[in-house]
Chemist: 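Pasting a structure here, questions to come.
These figures come from a predicted structure and were not determined experimentally.
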Amino acid sequence: MTFVFEEPPAQRGGAGESPRNKEIAEALRARPNEWALVGENEKNDGLAARIRSGKAKSFAEGKWQAKTRRNEDNTVNIWARYVTEVEGE
């Protein structure tokens, strides 16, 4: 086996924020507590995971919820909302 010793390339992304994430977060904050379809026919549920975890800069502050439903073609639809009140209180 041959190894190539070199510095890894600079990390892509991370420092900035996805324009898509920013657009979604702004729209959901404008209509708190309402579910919105934010991803249709997605390849995976990565967007939902970023919303739930708050790891994406746009979703770092506040409380977010996301739900997914798998389609027959194995793609995923994603609904999300920005939560300002707890249901049932």
Chemist: If I take atom CD from residue Glu23 and atom OG from residue Ser18, how far apart are they, to the nearest 0.5 angstrom?
Modeler: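 Spacing of CD (Glu23) from OG (Ser18) equals 9.0 Å.
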
Chemist: Any chance you could measure Thr75, atom OG1, to Asp45, atom CG, to the nearest 0.5 Å?
Modeler: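 Going from OG1 on Thr75 over to CG on Asp45, the span is 12.0 Å.
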
Chemist: For Asn44 and Gly46, indicate whether the former's side chain and the latter's backbone hold a donor-acceptor pair under 3.5 Å.
Modeler: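 Present.
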
Chemist: Using a 4.5 Å cut-off on heavy atoms from C-beta on, say whether the side chain of Asn41 contacts that of Asn77.
Modeler: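 The answer is yes, as the side chains (C-beta and beyond) meet within the 4.5 Å cut-off.
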
Chemist: Which pair of non-hydrogen atoms, one from Leu47 and one from Asn21, has the smallest distance, and what is that distance?
Modeler: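 Scanning both residues, the minimum pair turns out to be CD1-OD1, 3.7 Å.
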
Chemist: Determine, using the 4.5 Å side-chain heavy-atom cutoff (strictly less than), whether Trp79 and Val38 are members of one ILVMFWY cluster.
Modeler: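 No.
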
Chemist: Yes or no on side-chain contact (heavy atoms from CB on, under 4.5 Å) for Asn33 and Val83, after CA distance, side-chain angles and deciding distance?
Modeler: CA-CA 5 Å; Asn33 305 308; Val83 181; 3.9 Å; yes

Chemist: If you take all heavy atoms of Gln65 and Arg81, which pair is closest and at what distance?
Modeler: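 Taking Gln65 first and Arg81 second, the nearest heavy atoms are OE1-NE, 2.6 Å.
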
Chemist: Can you give me the closest heavy-atom contact between Ala66 and Ile51, atom names plus distance?
Modeler: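 Looking at all heavy atoms of both residues, the shortest contact is CB-CG2, 4.1 Å.
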
Chemist: So, Arg50 and Glu42, do they make that salt bridge, N to O below 4.0 Å?
Modeler: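 No.
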
Chemist: For Arg31, look at atom CZ and say whether over 12 heavy atoms of other residues, nucleotides or ligands are found less than 6.0 Å away.
Modeler: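 No, CZ of Arg31 has 12 or fewer neighbouring heavy atoms, counting only those of other groups under 6.0 Å.
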
Chemist: Nearest heavy-atom pair of Ala25 and Ser58: which atoms, and what distance?
Modeler: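 Heavy atoms only, the tightest pair is CB-O, 3.6 Å.
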
Chemist: Once you round to the nearest 0.5 Å, how far does NZ of Lys67 lie from CZ of Arg52?
Modeler: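 Answer for the NZ-CZ pair, Lys67 versus Arg52, is 10.0 Å.
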
Chemist: Do the non-hydrogen side-chain atoms of Leu37 and Ile78 ever get within less than 4.5 Å of each other?
Modeler: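 Side-chain contact under 4.5 Å: no.
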
Chemist: Is the ring pair Trp64/Tyr82 parallel, tilted or perpendicular, if the boundaries are 30 and 60 degrees?
Modeler: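 Judged by the thresholds at 30° and 60°, the geometry between Trp64 and Tyr82 is tilted.
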
Chemist: Please check this pair: side chain of Ser53 against backbone of Ala49, looking for a donor-acceptor N/O pair closer than 3.5 Å.
Modeler: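 Yes, because the side chain of Ser53 sits within donor-acceptor range (under 3.5 Å) of the backbone of Ala49.
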
